[in-house]
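First the structure, in the form of structure tokens, and then the observations on it.
Since the model is a prediction, treat every value here as computed from it, not as a measurement. First listed ligand is number 1; within each ligand, the first listed atom is number 1.
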Amino acid sequence: MTDLTQFARLGIRTESDLLLHLPLRYEDETRITEIGRVRPGETVQVAGEICRNEVVARPRRMLQIELDDGSGRIALRFLNFYGSQVAQLAIGRRVRAMGEVRGGLFGLEMVHPRYRLLGGQDKLPTTLTPVYPTVAGIGQTVLRRAILEALARTNWEDTLPAGCAQRLGLPELMSSLRLLHQPPPGTPLSSLEDRSHPACRRLAFEELLAQQLSLRRARAARSLQRAQPLRVTEQVERLRSALPFALTGAQQRAWAEVSADLSGSQPMNRLLQGDVGSGKTVIAALAAMQAIGSGRQAALMAPTEILAEQHHRKLLPWLEPLGVRVAWLAGSLPASAKKSVRAAAARAEVDLLVGTHALVEDSVELPALGLAIVDEQHRFGVAQRLALRATRGDVLPHQLMMSATPIPRTLAMSYYADLDVSVIDELPPGRTPVLTKLVTESRRTEVIERVRAAAALGRQAYWVCPLIEESEALELQTAIDTHAELELVLEGLRVGLVHGRLAPGLKAQTMAAFSAGELDVLVATTVIEVGVDVPNASLMVIEHAERFGLAQLHQLRGRVGRGSAESVCVLLYRPPLSANARERLRTMYETTDGFEIARRDLNLRGPGEFLGARQSGLSLLRFADLERDAELVEAARIEAAAMLAGPSAAVDAHLQRWLAGREEFLKA
Ligand code: ADP
Ligand code: MG
């Protein structure tokens with residue numbers, strides 16, 4: 001039996017995981033290409049006799065080998081090499097080498113090819129060579145062997161309904177898996193890579209069927225749950241007409257969806273997505289009012305004190321005039337104050353409780369909780385989100401989650417199975433789009449002058465210090481130094497500083513001062529939170545912008561452009577830029593549309609990274625793609641309905657194989 005613990009870092013825990021760990025790509029070592037026929041840009045395998053072996057010193061030290069197969073010559077270049085390699089690759093030896101061909105200065109070459117010295121009888125492999133996703137310390141050979149061994153001793157029974165595969169023209173499961181791990185020569189690589197090969201479609205279908213089954217089961221389970229229906233009372237209308245603005249069309253649509261859910265007797269489970277500044281808070285306020293107007297309590301949880309505090313400040317003047325009792329709870333509150341808030345909440349003398357995760361950690365009782373609102377939901381763990389609406393008897397509170405990370409709709413569906421989604425895809429009127437400037441670091445002094453000029457006009461500026469992933473201490477130090485520097489150069493201006501190590505109270509105080517216009521410049525590490533709203537701030541400078549991810553840059557830029565003044569975001573960068581960093585900065589320059597940015601970010605990073613798999617759990621879909629496999633989704637829907645009408649053991653077996661351990665995510 002293979003020791004699976006060594007593969008835990010790859011998310012492989014069971015033998016099934018091992019079988020379902022599919023190659024990223026394949027290399028074709030079953031064929032040899034004549035050197036005379038290879039072209040730059042191709043990845044090929046060649047074989048020939050070594051006719052040159054030289055260690056050159058310039059432009060840098062490297063080993064130069066040349067192979068000749070009678071049809072032509074190709075150079076193999078090694079920048080890192082051992083002395084033993086120089087001896088091994090002696091003139092006259094025969095070698096097989098695989099790699100990408102480049103057109104070098106003196107002809108064709110491969111840089112760091114994979115190679116093998118040829119002896120007497122070297123048979124070519126008979127299948128394509130799989131290349132698996134892996135991490136440092138787990139080699140391809142070990143992984144390949146373990147997977148092949150697992151394949152050899154496994155014989156999975158089909159869990160699809162009888163006749164289903166034939167109806168859809170899909171091959172058998174085991175032969176599909178074998179093909180994917182060991183494609184016979186001649187298998188068109190392109191059909192494996194774009195996943196149009198029938199074997200890939202079989203896996204995609206299996207997975208989509210599992211998704212449909214679990215989704216329908218979750219829906220069915222939810223339809224059995226009960227929630228208190230919340231009425232739209234006259235207070236909701238009063239709040240709406242008391243707002244200093246009219247709702248945008250997108251807000252009206254979102255509000256109609258939320259409000260309709262709330263008036264139902266099934267618990268709402270809805271995600272409200274909207275770009276930064278799109279106005280999600282007011283929907284939360286209206287929803288809270290609908291709950292409170294119906295005699296229930298509401299809770300609003302935000303991921304940080306700054307954010308929670310801001311919600312509190314914003315909601316108070318809207319709700320208090322309507323007789324709503326709003327309270328605030330966060331870790332930094334003195335113990336005695338916490339205690340009295342908890343006591344009031346437990347006696348239902350608090351209508352709306354706003355706060356941080358203290359809401360779920362300090363055993364707060366909200367006996368009449370009718371609505372739980374979670375802001376920036378992706379920053380909470382599943383458990384925390386669930387805790388806020390923990391069951392009280394058999395009646396569940398409604399749940400509204402909000403997120404400023406726009407996720408393309410199809411992706412959202414594949415990650416959040418049993419969740420309804422509302423989208424605010426329009427910004428409130430009167431915003432001037434933020435102008436983005438890309439400026440090299442060498443012009444930093446000019447940028448500082450810009451800050452001074454903005455302050456002279458009564459505008460405020462954020463100055464974001466670089467992200468230093470390797471060292472939090474260094475990041476902190478840089479922020480402190482930048483603050484000191486700007487205070488010195490910008491004499492006469494009021495320069496504040498916030499960073500992650502500041503005591504929460506102090507952080508909130510500084511933010512409040514900036515908000516009130518008592519500071520001209522706010523120097524910050526990346527802690528200037530998602531969601532902070534200071535309309536008078538119209539200039540943002542981000543140092544070393546090339547180090548930030550797209551989502552982060554977009555969130556940061558969203559802090560400005562909230563008022564009517566023309567806003568500017570200066571992205572200071574240090575050349576030379578990597579191709580990826582260049583693409584990120586170009587995207588920021590070209591568009592302010594959060595969904596477009598999310599789309600490009602997704603292209604640059606792939607879905608797992610994009611959604612921050614580390615914190616949000618695993619993707620539900622590993623093999624299927626809702627867009628590419630659209631007709632399979634439809635087929636899966638039909639088959640799932642039929643399967644659920646049959647014996648539940650069949651459904652269980654299929655789910656166990658494809659979703660084991662991931663169901664938790666469905667509840668999120
Ligand atoms: P986010 O979606 O990022 O949480 P907020 O709810 O903080 O956005 O709203 C951003 C700003 O826009 C706030 O100052 C809010 O009062 C304002 N706002 C929201 N909706 C409208 C609207 N329909 N018209 C004008 N301003 C609005
Ligand atoms: Mg917000």
Of all pairs that satisfy salt bridge (charged side-chain N to carboxylate O under 4.0 Å, His left out), the ones with a partner from residues 283-293, not counting sequence neighbours: none
Geometric N/O contact W318 with ligand 1, under 3.5 angstrom: no
Close-contact set for ligand 1 against S278 heavy atoms, below 4.0 Å: 2 (O), 8 (O)
For T248, atoms of ligand 1 separated by under 4.0 Å from a heavy atom: 23 (N)
Shortest reach to atom 16 (O) of ligand 1 by a heavy atom, considering only Q252, K314, H311: K314
Shortest heavy-atom approach to atom 3 (O) of ligand 1 - which of P428, G277, S403: G277
Ligand-residue contact atoms, ligand 1 with T281, heavy atoms, under 4.0 Å: 4 (O), 5 (P), 6 (O), 7 (O)
Residue pair E543, T482: steps toward the side-chain contact (heavy atoms from CB on, under 4.5 Å) verdict: CA-CA 10 Å; E543 281 200 81; T482 308; 3.8 Å; yes
Flag, side chain of T591 to backbone of D593, donor-acceptor distance under 3.5 Å: yes
Polar proximity ligand 1 side, G279 side, N/O cut 3.5 Å exclusive: yes
Side chain to side chain, V451 and L490, heavy atoms closer than 4.5 Å: yes
Under 3.5 Å: donor-acceptor pair, side chain of K437, backbone of L571: no
A246 touching ligand 1 at heavy-atom level, < 4.0 angstrom: yes
No-hydrogen, no-angle side-chain donor-acceptor test under 3.5 Å, S263 and R231: no
